[in-house]
Amino acid sequence: MPSDEITASAPATIANLGPGYDLMGMALDRPRDILRVELQAGGVDAITVRGLGSESLKIPAGKNACVVAGRAVLAQAGAEKYRLKMQLEKGVPPRMGMGSSGASSAAGAFAVNALLGYPLDQMHVLRCAMEGERASCGSAHADNVAPALLGGITVITGYEPLNVVKLSPIEGTAVVEVSPRIELAAEKTKLAREVLPSSVPLSKVVGQMAAFSSLLLGIVQKDAVLMGRGISGDGIIEPARAKLIPGFIDVKAAAMHEGAHGATISGAGPTVFALAPIERADAVGKAMVRAFTANSIKSVYAIYQCSQEGTKIV
Ligand code: HSE
């Protein structure tokens with residue numbers, strides 16, 4: 001029997017960063033999901049979930065992202081005979097666009113791999129974490145799980161074969177997350193993916209490539225203005241999803257007016273985020289909340305940093 005118990009912690013993330021749909025994501029310095037895992041020789045897989053939004057995660061263990069990701073590791077490592085006993089403390093709020101299922105999936109895959117003595121390499125662990133995402137929203141995208149596992153800003157350069165490049169954040173910038181209090185469907189991400197167009201005109205593709213280039217080059221060249229222009233320049237995903245977030249256009253405009261480098265939807269929403277100079281972050285957050293209020297929507301803002309730290313044993 002391998003080492004019998006471990007606790008892992010995985011961070012909140014922002015997926016897409018505008019035009020990097022399903023490809024780019026960023027780890028935040030907080031909040032985190034904390035997952036305790038035991039391997040057991042018999043019985044059934046079991047998980048208890050506490051903390052933020054845990055009441056919305058009362059689903060059978062076999063459908064929980066942590067368990068699915070952990071079980072994928074057991075299968076890959078030829079250790080299916082073990083049963084998982086998990087205790088998850090949710091710090092990342094579910095369904096807000098902050099990578100909740102990504103954090104849980106990353107923690108599940110990482111912790112089980114650690115318990116088994118690290119039989120899988122990073123890319124295989126990532127693939128297992130993606131299975132957690134699939135269980136959670138029907139799509140095995142990696143733009144939350146990759147930064148949740150690895151930290152920093154991650155770019156998926158290919159899915160088949162899977163390849164990820166990790167980049168460093170730009171010093172002096174802050175991430176402002178503004179979360180509206182709106183009614184959310186249980187399958188929020190699935191629905192937010194269904195509103196997207198299945199095909200787009202070439203002119204839009206060209207615009208999207210320009211925005212993606214700005215985003216990527218801005219990060220690589222440490223140019224926050226260029227990065228922000230990329231974040232704000234998504235002409236495909238953001239317009240399709242904006243209608244799901246009442247007041248989104250005003251909230252984005254408010255962020256830019258207060259000096260943000262760029263703003264768009266955080267992951268699949270409904271949280272809206274802005275990249276801002278640290279000294280403008282508070283004013284940007286307040287302006288975004290005021291814009292939501294003007295649209296009769298209550299909201300809260302928080303200021304984060306991009307963190308180099310991904311999933312770790314605690
Ligand atoms: N890339 C994903 C999406 C992230 O936008 O649907 C949310 O899980």
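All ligand and atom numbering here is 1-based and tracks the order in the structure. Note that the structure is predicted; figures quoted are calculated from it, not measured.
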### Residue list, salt bridge (Lys or Arg N to Asp or Glu O under 4.0 Å) with E258, at least two apart or on another chain
R280

Kindly list each side-chain donor-acceptor pair under 3.5 angstrom involving residues 200-210, sequence neighbours excluded, with atom names and distances?
{"from": "Q208", "atom 1": "OE1", "to": "G235", "atom 2": "N", "distance (Å)": "2.8"}
{"from": "Q208", "atom 1": "NE2", "to": "D234", "atom 2": "OD1", "distance (Å)": "2.9"}

#### Entry: Whether K166 side chain and Q308 backbone form a donor-acceptor pair below 3.5 Å
yes

What are the atom names and distances for all N or O pairs under 3.5 Å between ligand 1 and the protein?
{"from": "ligand 1", "atom 1": "1 (N)", "to": "N16", "atom 2": "OD1", "distance (Å)": "2.9"}
{"from": "ligand 1", "atom 1": "1 (N)", "to": "D22", "atom 2": "OD1", "distance (Å)": "2.6"}
{"from": "ligand 1", "atom 1": "1 (N)", "to": "D143", "atom 2": "OD1", "distance (Å)": "3.3"}
{"from": "ligand 1", "atom 1": "1 (N)", "to": "D143", "atom 2": "OD2", "distance (Å)": "2.7"}
{"from": "ligand 1", "atom 1": "5 (O)", "to": "N16", "atom 2": "ND2", "distance (Å)": "2.8"}
{"from": "ligand 1", "atom 1": "5 (O)", "to": "R241", "atom 2": "NH1", "distance (Å)": "2.8"}
{"from": "ligand 1", "atom 1": "5 (O)", "to": "R241", "atom 2": "NH2", "distance (Å)": "3.3"}
{"from": "ligand 1", "atom 1": "6 (O)", "to": "R193", "atom 2": "NH1", "distance (Å)": "2.7"}
{"from": "ligand 1", "atom 1": "6 (O)", "to": "R241", "atom 2": "NH2", "distance (Å)": "2.9"}
{"from": "ligand 1", "atom 1": "8 (O)", "to": "H141", "atom 2": "NE2", "distance (Å)": "2.9"}
{"from": "ligand 1", "atom 1": "8 (O)", "to": "N144", "atom 2": "OD1", "distance (Å)": "3.3"}

### Message
Within the structure provided, determine whether L149 and V125 are in side-chain contact (heavy-atom separation under 4.5 Å).
### Response
yes

Name the atoms and distances for all side-chain donor-acceptor pairs under 3.5 Å in residues 115-122, with sequence neighbours left out.
{"from": "D121", "atom 1": "OD1", "to": "M123", "atom 2": "N", "distance (Å)": "3.3"}
{"from": "D121", "atom 1": "OD1", "to": "H124", "atom 2": "N", "distance (Å)": "2.9"}
{"from": "D121", "atom 1": "OD1", "to": "H124", "atom 2": "ND1", "distance (Å)": "2.8"}

## Note on the structure
Tested for side-chain contact (heavy atoms from CB on, under 4.5 Å) against V112, the lone hit among L84, V67, L35, I6 is L84

